[in-house]
Amino acid sequence: MDTSLGTANRQIARGAGLVMAAFALNNLIGLARQMVVLNAFGTSGEMDAFLAANRVSETLFTLVAGVHWPQLLSPHLQVH
């Protein structure tokens, strides 16, 4: 195997591992957030209102991020 190909493969594996670790950390932080919020509000009307308001902002963020990420990354992914 060519050494430059081996180096590229290691860099890809390292990047994939970093993304995987970031997703795992995100899920753990989200779990902690949910535990804090549920502890503060319990199962009440206030909690339902919080979840409804939070769902709207998360959906908007997902839509905007999903549309713009490919546009932001495409110049960096082009082969010169």
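Taking the side-chain hydrogen bond (donor to acceptor under 3.5 Å, both in side chains) definition, one finds that T59 meets it with nothing, sequence neighbours left out. Looking at residues two or more places apart in sequence or on another chain, you find a side chain to side chain contact (heavy atoms under 4.5 Å, CB included) between S57 and N54.
The stretch residues 18-27 participates, sequence neighbours left out, in no salt bridge (charged side-chain N to carboxylate O under 4.0 Å, His left out) pair at all. Every pair tested for salt bridge (charged side-chain N to carboxylate O under 4.0 Å, His left out) that includes a residue from residues 22-31 fails, sequence neighbours excluded, so the list is empty. Applying the salt bridge (charged side-chain N to carboxylate O under 4.0 Å, His left out) rule to pairs touching residues 11-20 yields nothing, sequence neighbours excluded.
Hydrophobic cluster of L60: the remaining members, joined at side-chain heavy-atom separations below 4.5 Å, are V56, listed by chain and number.
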For residues 17-36, please give each side-chain donor-acceptor pair under 3.5 Å, one per line with the distance, not counting sequence neighbours.
| residue | atom | partner | partner atom | Å |
| --- | --- | --- | --- | --- |
| N27 | ND2 | F23 | O | 3.4 |

